[in-house]
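Notes follow once the structure below has been shown.
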Amino acid sequence: MTAKTTRNKGGTDYTRGVSREQRAINRRNRLESSLLSSQSYLPSDHAAYKAYHNFEDNLSAIAVQRFGEPFREGSIVAFEEKSFGGIIKPGQLTYPVSTDYAEDVSSWVVAIALFDGDKMLFACSGIPIPHGRTRQRLTRFVTSAHLVTQFNQNRNKDDKLRVAVRLPDNTATDGFLGLYDKDIAVVTCLDFLEVCPIDLDHKAKPFPGGCLKAAGRAFNSGSLMAMRGSLYQKRPLEPRNTWVSDSQDISKAVLGGPLLGWDNNIVGMSLDIYDSGDANLRYTFLPMDILCKCLKHFQILNPKKDFRGYALPRDVLSVVPSGFMQTICRLKSHGYPIPPPLVLEFNGRLLNHFEECFGELLPWKGFPYGDPPGGSEKCVWNQLPKEVVTDVSRRVVSLASFNGYVRSFACTSLLIKLGSNAKQTVILTSASLVRDCCNEDIIDDSLTIEVFLPPNQRAGGTLEFYNLDYNIAIVSLKKNFNAICPDDIFTESAKNSSKKVIAIGRDAKFGILMAASGEMKCGNRGCKLDCKDVQLSTCKIKKAGIGGPLINLNGSFVGMNFYDGSGVTPFLPRHKIVKVLSQVNSLPSECRWPVPKPYWYHSELQANVHALGKHIGRRLN
């Protein structure tokens, strides 16, 4: 597949017309704009553009302050590569593949280097591993986790560190740091490169007499080097797997390189340099059987069909890519899942997020960020009388719940009249706002609630009542809002024979109103929610519309909207809400009100369902 074809399909952008740093900035901007809505949002007016970016920069600065780590001003001094042992020419060091064929070691050992601009900060070696089953053609290398240590230690405010891989043919290509643990790290390159992956199921023979050879490649020269060594007899409190060089050469180029046994089969990988405090420095290594178990535990060779519910394997971490620290901090502040490796760099998308807009958008008066995106519908608001639109803008608010600085949920809600003589103003919304994220059958009492009515009215909220069977919650305001128009849902309006309805929502980020039109359906067949009283409309909303009102064309309240990702909108009708609110107690819940969880998507990085065969590298007999 060509770069142009992939780009047209919305996949990975390989374009080399701009610098690597600019490509990273472009990828980050596309991702962060996708968190605003499903449409691109770029104000054309200069003042609006400046106001928008100031707003975004301020949010990013707050997120980095709360969730980021302090950066150093600049990277450390340049790294100086050191050679070891002797230079190995092609064909000079081989290992047996079968009884009558031997493979050249120089054909697959690579060098991996870390750069800040043109300044080299670290260099080591790497070993190719099987390709896996992603649709995207990828080549992966396993190396020492010391590469990640240097990446994190050298990360600075510019955040432009990069990884390069020197191949056996002396060409270099970009690499992407991904998963790692305390011992190993994985570097990924685009396409299937001219290197033969090792067989992870190979059972290496024991070390007779402890003799071995260590191989590695220098990045600058591209030369393959090797030196002889032997196993070091473990002393108390020293690392378990250690070897020492016969020549006492110490070079970090050997880290991530293979250890070869007496018969030149791979028996392990060098990890780090160990200083025992005596005169001799030693190397630690990971035996081949443990290395294979670690890589299988990383779950990169056989990925899931999609990234729904993705979580890092136990004791495995993921590198925050260069240029994406602000993005990761923003994701953490929103309570969203951290993306799987390469999804950020390859323009993956976060689906089912709260910032996704729907219908026709209506900004509030004085909206400083220019015209919002056109939305998925047109001519919705003009179906309503002008006074109804005004009332809607003064009674529909945005709600968010927080666990500390981390947002737990966001939705729309409706200001209503409650109490004797309807004198009290409260907020009607979905109980999903305060459900426990791990157990939806209980309420999380530790959450704080924030209420937003544009342009600048914000207040805390207090949970006053909830019913989990019908997923209803009532929230009170901790301070009064001005110029509001709460709805009296307890007073039944005149009957309306039309089935046409409009679902209202308020954007969680800017407070923009959203409206989607549709019709009420008979019955609730196809609804994913476990409640027989729920009805359906054909309005198409997103998660931000949860808890928002469904109204008819004269503005009367029809019900409260929910979202199940089915393409239609479930809603709880007005008469059922009134009946529930007339009961001042909450009962144990027997119904389920699932909300689609946010998850990451990239068509090329998920499993290719047609590639069912077992992927292994060259078998080392």
Side-chain angles (χ1 to χ4, degrees), residues 1 3 6-15 20 23-38 40 60 63 67-68 129 131-141 148 151 159 161-163 174-181 185-191 295 298-313 316-356 596-609 611:
M1 181 182 294
T6 308
R7 186 167 60 253
N8 290 341
K9 291 178 65 177
T12 308
D13 186 353
Y14 306 116
T15 314
R20 179 191 179 99
R23 293 198 304 273
I25 292 172
N26 292 342
R27 289 193 298 267
R28 183 183 66 239
N29 289 343
R30 282 195 294 269
L31 177 74
E32 291 184 347
S33 67
S34 74
L35 294 181
L36 167 64
S37 70
S38 58
S40 175
S60 296
F67 299 96
I129 59 177
H131 298 301
R133 293 195 298 116
T134 59
R135 297 183 182 94
Q136 177 65 57
R137 294 160 61 96
L138 302 172
T139 301
R140 294 184 174 95
F141 302 92
V148 178
F151 181 91
D159 203 18
L161 300 187
R162 62 184 180 90
V163 173
D174 290 343
F176 300 91
L177 261 177
L179 298 181
Y180 69 98
D181 63 13
V186 174
V187 173
T188 304
C189 298
L190 289 172
D191 215 341
L295 288 171
F298 276 27
Q299 300 176 8
I300 58 175
L301 303 180
N302 293 292
K304 296 181 180 179
K305 184 178 179 180
D306 59 40
F307 293 133
R308 295 175 192 265
Y310 175 84
L312 289 172
V316 177
L317 301 173
S318 182
V319 170
V320 176
S322 289
F324 287 97
M325 181 60 74
Q326 287 188 1
T327 302
I328 291 295
C329 291
R330 291 283 292 273
L331 291 170
K332 289 180 178 179
S333 70
H334 285 85
Y336 290 140
I338 301 302
L342 304 180
V343 170
L344 285 181
E345 298 97 311
F346 291 0
N347 306 326
R349 291 184 292 146
L350 180 65
L351 302 183
N352 288 339
H353 57 82
F354 291 111
E355 286 72 28
E356 194 170 7
K597 300 289 186 182
Y599 68 97
W600 290 92
Y601 173 80
H602 194 297
S603 61
E604 299 299 311
L605 295 179
Q606 295 169 173
N608 184 352
V609 295

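Worth knowing before you read on, the calculation uses all heavy atoms, side chains too, and leaves out hydrogens, waters and symmetry mates. On a predicted model such as this, the values are computed, not experimentally measured, just so you know.
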Practice prompt. Apply the test side-chain contact (heavy atoms from CB on, under 4.5 Å) to residues L342 and T134: give CA-CA distance (whole Å), side-chain angles for both, the deciding distance (0.1 Å), then the verdict.
Written response: CA-CA 12 Å; L342 304 180; T134 59; over 6 Å; no
Practice prompt. Any chance you could lay out the side-chain contact (heavy atoms from CB on, under 4.5 Å) test for I338 and V320, step after step, and finish with the verdict?
Written response: CA-CA 10 Å; I338 301 302; V320 176; over 6 Å; no
Discussion item. Would you compute the distance between atom CZ of R330 and atom NE2 of H334 and round it to the nearest 0.5 angstrom?
Written reply: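 Answer for the CZ-NE2 pair, R330 versus H334, is 5.5 Å.
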Discussion item. Between L331 and W600, is the side-chain contact (heavy atoms from CB on, under 4.5 Å) condition met? List the steps.
Written reply: CA-CA 12 Å; L331 291 170; W600 290 92; 3.5 Å; yes
With [X] via side chain to side chain contact (heavy atoms under 4.5 Å, CB included) - residues at least two apart:
X    : value
P321 : F324, L344, E345
L317 : Y180
P598 : Y336, P337, L350, K543

Discussion item. If you apply the rule side-chain contact (heavy atoms from CB on, under 4.5 Å), what do you find for D174 with L190, and how did you get there?
Written reply: CA-CA 8 Å; D174 290 343; L190 289 172; over 6 Å; no
Of all the heavy-atom pairs spanning [X] and [Y], show the shortest one and how long it is.
X    : Y    : value
V163 : V187 : CG1-CG1, 4.2 Å
F346 : H602 : O-NE2, 2.6 Å
H131 : L138 : ND1-O, 3.0 Å

Fill in: L312 side chain near L179 side chain, heavy-atom distance below 4.5 Å
yes
Worksheet entry | Note, P339 side chain near F307 side chain (heavy atom, < 4.5 Å) |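 Sidechains of F307 and P339: no contact.
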Fill in: Whether T188 side chain and R140 backbone form a donor-acceptor pair below 3.5 Å
no
Discussion item. I'd like to know if the side chain of S318 reaches the main chain of P341, judged simply by a donor and an acceptor atom lying under 3.5 Å from each other, with no hydrogens or angles considered.
Written reply: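 No; judged by distance alone, with no hydrogens or angles, the pair does not exist.
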Discussion item. Assess, by modelled atom type and distance only, whether the side chains of R349 and Y601 contain a donor and an acceptor separated by less than 3.5 Å.
Written reply: no
Worksheet item: With sequence neighbours left out, what residues match D159 under salt bridge (charged side-chain N to carboxylate O under 4.0 Å, His left out)?
Response: R155
